[in-house]
Asker: 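If you scroll down you'll find the structure; I have some questions about it.
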Amino acid sequence: MAEFKYEIVENLGILSENDKGWRKELNLVSWAERPAKYDIREWNPDHTRMSKGLTFTEDELKILLELLKEELED
């Protein structure tokens, strides 16, 4: 099985933390040496294990931000 490569390029913030120390984070992550994408998922304290998550391009994240603004204004 091939090695799974990722690099957290920048930590943008922590959204929450559970009792076991896993944190839901917004990061810029490069997957398989590709250009970094915005990524939301839970990580263990030393970032060696992760949950399933969501990745977004910059354009997708901008659309998500606008959708959330509209929803929260109602």
Side-chain angles (χ1 to χ4, degrees):
M1 188 166 161
E3 183 181 341
F4 182 69
K5 293 185 181 182
Y6 66 91
E7 176 188 1
I8 298 174
V9 176
E10 184 177 355
N11 178 279
L12 300 169
I14 297 168
L15 303 172
S16 63
E17 184 171 341
N18 70 21
D19 294 339
K20 296 181 180 181
W22 283 62
R23 298 185 297 197
K24 189 176 296 177
E25 300 179 1
L26 172 61
N27 295 309
L28 272 173
V29 180
S30 171
W31 299 100
E33 300 179 347
R34 293 189 175 113
K37 291 186 177 185
Y38 293 91
D39 182 87
I40 299 173
R41 73 183 63 239
E42 290 183 340
W43 294 88
N44 71 342
D46 64 359
H47 291 99
T48 57
R49 295 180 60 207
M50 68 194 87
S51 69
K52 291 182 180 179
L54 299 169
T55 59
F56 302 92
T57 64
E58 185 174 342
D59 289 339
E60 291 170 333
L61 194 63
K62 287 177 182 177
I63 292 168
L64 177 61
L65 179 60
E66 289 304 313
L67 291 169
L68 290 172
K69 282 181 183 178
E70 290 174 15
E71 178 65 26
L72 295 173
E73 288 175 356
D74 290 343

Asker: Please find the pair of heavy atoms, one from N27 and one from L12, that lie closest to each other, and give the distance.
Answerer: OD1-N, 3.9 Å

Asker: When rounded to the nearest 0.5 angstrom, what distance separates CG in L28 from OG1 in T55?
Answerer: 11.5 Å

Asker: Pick from D39, I40, L26: which one makes a side chain to side chain contact (heavy atoms under 4.5 Å, CB included) with F56?
Answerer: I40

Asker: Under a single-linkage definition using a 4.5 Å side-chain heavy-atom cutoff for Ile, Leu, Val, Met, Phe, Trp and Tyr, are L68 and L61 assigned to the same hydrophobic cluster?
Answerer: yes

Asker: Do the non-hydrogen side-chain atoms of R34 and K5 ever get within less than 4.5 Å of each other?
Answerer: no

Asker: For residues Y38 and E60, determine if any side-chain heavy atom of one lies less than 4.5 Å from a side-chain heavy atom of the other.
Answerer: no

Asker: Just by distance, do the side chain of N18 and the backbone of K20 share a donor-acceptor pair under 3.5 Å?
Answerer: yes

Asker: Going from CD1 on I14 to NZ on K24, what distance comes out if it is rounded to the nearest 0.5 angstrom?
Answerer: 13.0 Å

Asker: Under a 4.0 Å threshold between the charged nitrogen and the carboxylate oxygen, would K62 count as salt-bridged to E66?
Answerer: no

Asker: Any idea which heavy atoms bring W31 and M50 closest together, and the distance?
Answerer: CH2-SD, 3.6 Å

Asker: Could you report the tightest heavy-atom contact between H47 and Y6, atom names first, then the distance?
Answerer: O-OH, 2.6 Å

Asker: If only side-chain N and O atoms count, and only distance matters, is there a donor-acceptor pair under 3.5 Å linking T57 with D59?
Answerer: no

Asker: Given side chains that start at C-beta, do those of R23 and W43 come closer than 4.5 Å, heavy atoms only?
Answerer: no

Asker: Could you state the interatomic distance from CG (L64) to NZ (K69), rounded to the nearest 0.5 Å?
Answerer: 11.5 Å

Asker: If I compare all heavy atoms of G21 with all of P45, which pair ends up nearest, and what's the gap?
Answerer: O-CG, 3.7 Å

Asker: Can you give me the closest heavy-atom contact between A36 and V9, atom names plus distance?
Answerer: CB-CG2, 4.0 Å

